[in-house]
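Because only heavy atoms are used, hydrogens play no part in the values below, and waters and symmetry mates are left out as well, while side chains stay in. Each chain gets a letter, A, B and so on, in the order its sequence line appears, and its residues count up from 1.
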Amino acid sequence: MKISSAKLWIALVLIALAAVAPLGISGYWLRLFTFIFMWIGLAGSLNLLTGYTGYLDFGHVAFFGIGAYTTGVLMVKLGMPFFPAMLISAVLAGFLAVVVGIPTMRLRGAYFAIAMLAFAEAMKQVVLEFDGITGGGNGLSLPIYTNYQFFYYAMLGTVLLIIGTTYWFENSKFGKGLMAIREAELAAEVTGINTLYCKLIAFGISAFFAGIIGGIYAYWMTFLYPGDTFSVLITMRMIIMAFLGGAGTLLGPIIGAAFLATIEEILWAEFKYTYLIIVGFIVVFVVLILPRGLVGLFRQRILAR
Amino acid sequence: MLLQVLLNGVLIGGIYAACAVGFSLIFGVLRIINIVHGEFLMLGAFITYWLFKLHGIDPFLSIPFSFAILWILGYLLQKYVINRIIEAPEIMSLLLTFGLSLIIANLALIAWKGDYRLVNPEYAGANFRLASLTIPYTRLATSVFALAAMAGLYLFLKQTDLGRAIKATSQNKDGARLQGVHPATIYSVTFALGAAVTGIAGSLLSMSFSVFPSMGGDYLLFSFFIVVVGGMGHIPGALTGGLILGILQSLSTNFVGAGMTYILIFVLLYIVLIFRPAGIFGKGLVE
Amino acid sequence: MNRRKLLTTGKGLVLILSIFFFLFASYLPAEAQREKFIFGSAIAHTGKFAREGTNLKRAYDFWAGLVNAQGGIEVKGKKYPVEIIYYDDKSDPATATKLMEKLISEDKADLIFGPFSSDCVGPSSTITEKYKVPMIEAAGNAGTLFTRGFKYLFCTLRSADDLADPYMRLLSRQSPKPKTVAVIAPKAPFYLSSAKGFKNYAAKYGFEVVHDETYPVEMEDITPILQKVKAKNPDVLCVGSHTVVAMMVMKQSKEIDFNPKAYCFSFGTVTPEFAKELGKDAEYVLEYSYISPKAPFKDPLLGTASQFIEDFKKKYGIYPDGTQVCGVAGGIAFQMAIQKAGLTPPLTEEKRVRAREELSKLDIITAAGPVKFDSTGLNVGNPLSVFQIQKGKPVCVDPVDWVEANFIYPVPKWKDR
């Protein structure tokens with residue numbers, strides 16, 4: 001998928017708007033957009049793996065949580081400043097993904113998903129157990145930094161990086177190899193693609209980005225709690241957003257995350273109980289009617305003419 | 001002491017096994033990971049709770065109701081919703097059942113609030129001593145019921161025509177079709193059966209543990225463990241897996257500590273998935 | 001460039017943008033003057049703290065109702081009614097934090113009533129700290145919340161680390177004096193803090209802690225842990241708890257026939273659910289509180305302690321527990337601070353800073369207990385009492401001056417009930 005110059009202009013305008021927005025908008029909107037960017041980033045990071053290799057990672061929150069907690073621990077226990085701490089955490093997350101991926105990626109489909117879920121839950125318990133370092137059930141308090149514009153830009157920057165990486169996936173030989181794995185792994189092997197190598201790289205990159213977002217999140221929230229930071233619900237939201245928008249596409253996670261986060265924002269304050277039900281219906285709807293996601297919907301319209 | 005710990009493990013293991021067997025059956029035949037499984041447990045538990053609270057019906061007597069209601073629900077869900085994606089890639093069924101579980105769990109949350117409830121009949125907690133062991137009546141009874149339900153399921157699959165048709169479909173769908181078996185019907189019946197058995201397990205659970213709308217999730221994880229260890233789609237394996245989980249949990253909590261126990265369970269699940277995805281008997285289904 | 005593709009992309013982007021700007025609802029102009037005080041509160045209506053959150057909301061509403069019945073808070077001769085805006089934080093810390101931001105920047109809340117549980121207070125208080133909006137809460141007293149040097153967080157509860165004092169005090173007066181104590185708690189801030197308190201005060205009063213274990217919050221079946229505790233045969237069982245945990249402990253203790261001489265729970269047994277769901281099995285448990293019908297406190301708004309308890313029971317049908325008592329006290333604390341500093345709504349940053357100063361200097365008596373905050377924001381003014389459930393109702397058994405009924409010790413064994 002090559003980007004035309006018109007689309008590029010639109011994208012640049014949007015980015016420029018996003019870049020100057022913090023100057024004009026108030027605290028609440030700043031926070032809201034930062035949240036939306038965070039979720040676009042998370043959905044996008046999952047998409048790098050699941051969308052392009054077809055491996056459904058039910059434990060992706062583990063890398064988010066590892067990024068968050070490592071950043072927290074490094075800053076609190078070792079007094080490290082934010083950027084190095086975050087980078088180290090992200091690299092750690094990526095590295096762990098590769099390590100875990102070597103045995104786990106031999107599994108297919110549902111088994112891979114369950115194995116990753118087990119991994120994420122185990123990570124949560126590890127953080128709880130080793131409470132001397134992580135604060136365990138008491139939670140971890142990070143140094144306070146209230147420059148919320150910083151976090152806005154941090155999330156935005158990360159999202160742009162992820163989009164860039166996704167674009168590269170879409171257009172590179174590497175990315176095409178991944179998609180071949182997604183469509184028919186055995187056939188891909190036969191044509192000489194080193195599938196394990198490719199899968200691991202994709203996994204590592206995807207975890208790396210999740211780790212970055214986790215690190216930013218930790219500093220932003222100032223307070224980490226294992227049950228929330230490693231919650232399977234976070235993985236679920238990532239998955240829903242990626243598929244709602246259209247997994248394996250560039251715009252998919254962006255649209256899916258923006259759409260879902262916005263709906264949540266409108267609904268949860270007023271319809272406290274029902275919004276999750278609506279999300280459930282959206283998921284069912286997407287699976288039954290729009291399996292290619294919203295992006296797929298637009299594409300199909302083009303083909304239909 | 002060790003004996004008591006083991007006994008506790010066996011008793012709870014039986015109940016855990018019953019929780020997982022429906023999941024295993026559904027995967028074995030329909031090849032889908034049924035995330036709504038947790039909600040089936042929850043609904044079974046709530047049926048028992050409400051019958052007890054509002055009409056004073058003894059929990060054990062409520063079991064036929066759970067069975068029937070969950071059967072109907074399972075059948076309808078499969079026939080009209082899940083059947084549409086039966087041929088689609090796994091991700092779809094995962095997502096679909098996840099969406100359904102969101103809907104059901106949150107409808108329950110609206111209807112019944114997030115409060116934790118207890119089924120506490122007069123005889124709850126009553127126990128008897130056997131040598132140095134304390135055996136709670138309720139745990140013993142629910143465990144026995146759980147085993148009976150699983151035995152019933154097993155025999156049904158083995159001895160009845162319908163059961164054999166189900167088995168045939170799971171092994172070779174097209175071959176079964178040639179024999180005159182209609183896969184779509186089989187799928188609906190199997191799903192209904194799996195849901196119904198899970199409903200019974202939910203009722204049994206309610207007698208020992210709290211009942212609340214979001215309870216499905218925790219038991220779902222345990223079910224994963226049990227069916228992976230026992231072998232996906234292998235019913236006797238579910239019993240073994242359940243017992244292993246129960247005993248492991250009991251032993252480990254006693255001698256190592258509760259937190260480590262959870263880690264151990266997940267590490268074990270992980271190891272089994274990597275090295276023996278077909279389960280300890282090797283009879284589980286692998287892609 | 002394919003025109004169709006451009007059109008479609010354009011449509012997509014317009015769709016996204018329009019959704020975003022759809023959110024630009026009416027922009028409220030800043031009010032130069034307002035006729036009422038607006039309090040904001042993010043509190044659990046759903047989720048694991050649904051019941052407790054609803055109870056806490058009742059406490060805040062109780063205070064607001066009484067104040068408004070008098071016409072409002074009186075400042076400089078004029079009365080300003082009180083309005084509390086509530087949002088459901090779903091028992092989730094991240095949601096509570098988001099809501100805090102909304103309440104302060106969008107809804108223009110003057111002051112904040114805190115959410116339920118230390119989990120939610122922790123991160124959401126960073127928002128109030130940043131905006132310099134005083135928050136009074138009555139549901140998050142884990143010690144770790146108050147070591148952060150926050151100036152705008154106030155808690156009318158005593159530190160959870162100290163809650164254990166009255167239990168141990170009471171037990172040490174029994175004869176024969178109990179010798180051994182077992183402490184268990186799930187791994188979350190409040191329970192861990194209570195457990196720490198139990199251990200420290202047990203040692204202080206000369207008891208031996210024979211078992212001390214924490215377990216994951218998700219664990220439903222705690223019989224293995226209770227089994228371990230039973231094997232050590234302690235005289236007293238102490239549990240860091242709220243309602244759900246307490247219910248499980250009682251139910252499963254009965255199942256394995258574990259009979260300590262006393263049960264101490266840090267929270268959750270006074271909620272009506274506990275006695276309702278457990279029936280007879282709920283008897284004899286201990287829980288702390290801050291008042292008793294016989295407590296000598298009184299104030300112009302609530303009347304005497306006994307009257308306050310009666311009125312609360314009449315309005316809501318339940319006995320106010322520690323959190324609710326302190327929730328009401330928190331409302332009065334705000335009221336006093338506002339009146340002393342002579343602040344009129346809406347509160348600007350400068351006024352809020354003054355409110356905060358008044359709060360830090362506060363030293364008042366209310367029917368819901370005295371309020372005096374220490375430098376970290378915790379209340380150190382209110383004495384602690386202990387309640388025991390007898391015949392399904394909580395009665396005060398300590399301190400001696402406030403006693404309504406005698407403490408039943410040792411507790412009858414399960415088989416004898």
Side-chain angles (χ1 to χ4, degrees), chain A residues 50 54-56 58-59 100 102-131 136-137 182 231-233 236 239-240 242-244 247 271-289 291, chain B residues 27 31-33 35 81-82 84-85 88-111 113-114 217-218 220-221 223-225 227-228 232 257-275 277-278 284-287:
Chain A
T50 302
Y55 277 76
L56 183 57
F58 252 32
V100 165
I102 294 177
T104 320
M105 286 186 126
R106 287 195 278 147
L107 300 170
R108 311 294 271 106
Y111 286 96
F112 176 77
I114 297 180
M116 289 313 298
L117 180 61
F119 173 69
E121 287 295 316
M123 280 295 115
K124 177 166 83 178
Q125 296 297 333
V126 163
V127 167
L128 270 174
E129 259 316 277
F130 293 94
D131 48 6
R182 178 183 68 199
S231 166
V232 68
L233 291 174
M236 285 305 165
I239 295 177
I240 295 177
F243 277 90
L244 176 60
F271 301 92
K272 337 177 216 245
Y273 304 86
T274 49
Y275 101 91
L276 271 175
I277 298 184
I278 295 181
V279 170
F281 272 110
I282 291 179
V283 171
V284 172
F285 177 76
V286 166
V287 170
L288 293 181
I289 319 266
Chain B
F27 183 82
R31 297 289 195 284
I32 64 173
I33 300 280
I35 307 273
V81 184
I82 298 180
R84 293 169 190 259
I85 47 103
E90 243 154 25
I91 290 189
M92 291 298 149
S93 65
L94 267 167
L95 281 179
L96 180 65
T97 50
F98 177 69
L100 288 171
S101 95
L102 270 185
I103 296 175
I104 297 180
N106 284 283
L107 278 174
L109 200 60
I110 296 188
K113 301 280 151 39
D218 301 328
L220 187 64
L221 275 172
S223 302
F224 281 159
F225 177 90
V227 300
V228 167
M232 220 37 131
M260 282 305 294
T261 304
Y262 269 74
I263 297 180
L264 258 157
I265 291 177
F266 292 118
V267 167
L268 202 59
L269 170 58
Y270 190 77
I271 291 177
V272 171
L273 272 171
I274 304 294
F275 294 108
L285 298 162
V286 191
E287 307 298 306

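- Contact count versus chain B (heavy atoms, under 4.5 Å) is highest, among L128(A), V279(A), L288(A), for L288(A).
- Residue contact with chain A, scored on non-hydrogen atoms closer than 4.5 Å, is absent for I32(B).
- Contacts of L268(B) with chain A are absent, with no heavy-atom separation under 4.5 Å from either backbone or side chain.
- Between the CZ atom in F266(B) and the CD1 atom in I271(B) there is a gap of 14.0 Å [rounded to 0.5 Å].
- Heavy-atom distances place both the backbone and the side chain of V81(B) under 4.5 Å from chain A.
- The line from CZ of F112(A) to OG1 of T50(A) is 7.5 Å long, rounded to the nearest 0.5 Å.
- Contacts between L94(B) and chain A at a heavy-atom distance below 4.5 Å involve the side chain alone, from C-beta outward.
- Ring planes of Y270(B) and F119(A): tilted class, angle from 30 to 60°.
- The CD1 atom of I263(B) sits 8.5 Å away from the CE atom of M123(A) when rounded to the nearest 0.5 Å.
- Looking only at heavy-atom pairs under 4.5 Å with chain A, the residue among I33(B), L269(B), L95(B) that has the most is L95(B).
- With a 4.5 Å cut-off on non-hydrogen atoms, E129(A) touches chain B through its side chain but not through its backbone.
- Residue I104(B) holds its CD1 atom at 12.5 Å from CD1 of I35(B), rounded to the nearest 0.5 Å.
- For F243(A), the part lying under 4.5 angstrom from a heavy atom of chain B is the side chain only.
- To the nearest 0.5 Å, atom CD1 of residue I274(B) and atom OH of residue Y111(A) are 12.5 Å apart.
- Contact of I85(B) with chain A is made through the side chain alone, with heavy-atom distances under 4.5 Å.
- Residues V100(A) and M116(A) are in side-chain contact: their nearest non-hydrogen atoms beyond the backbone lie under 4.5 Å apart.
- Per-residue counts of heavy-atom pairs under 4.5 Å with chain B were compared for V232(A), I282(A), V286(A), I240(A); the largest is that of I240(A).
- Proximity to chain B (any heavy atom under 4.5 Å) is restricted, for F58(A), to the side chain, taken from C-beta onward.
- Between V284(A) and L96(B) there is a side-chain heavy-atom pair separated by less than 4.5 Å.
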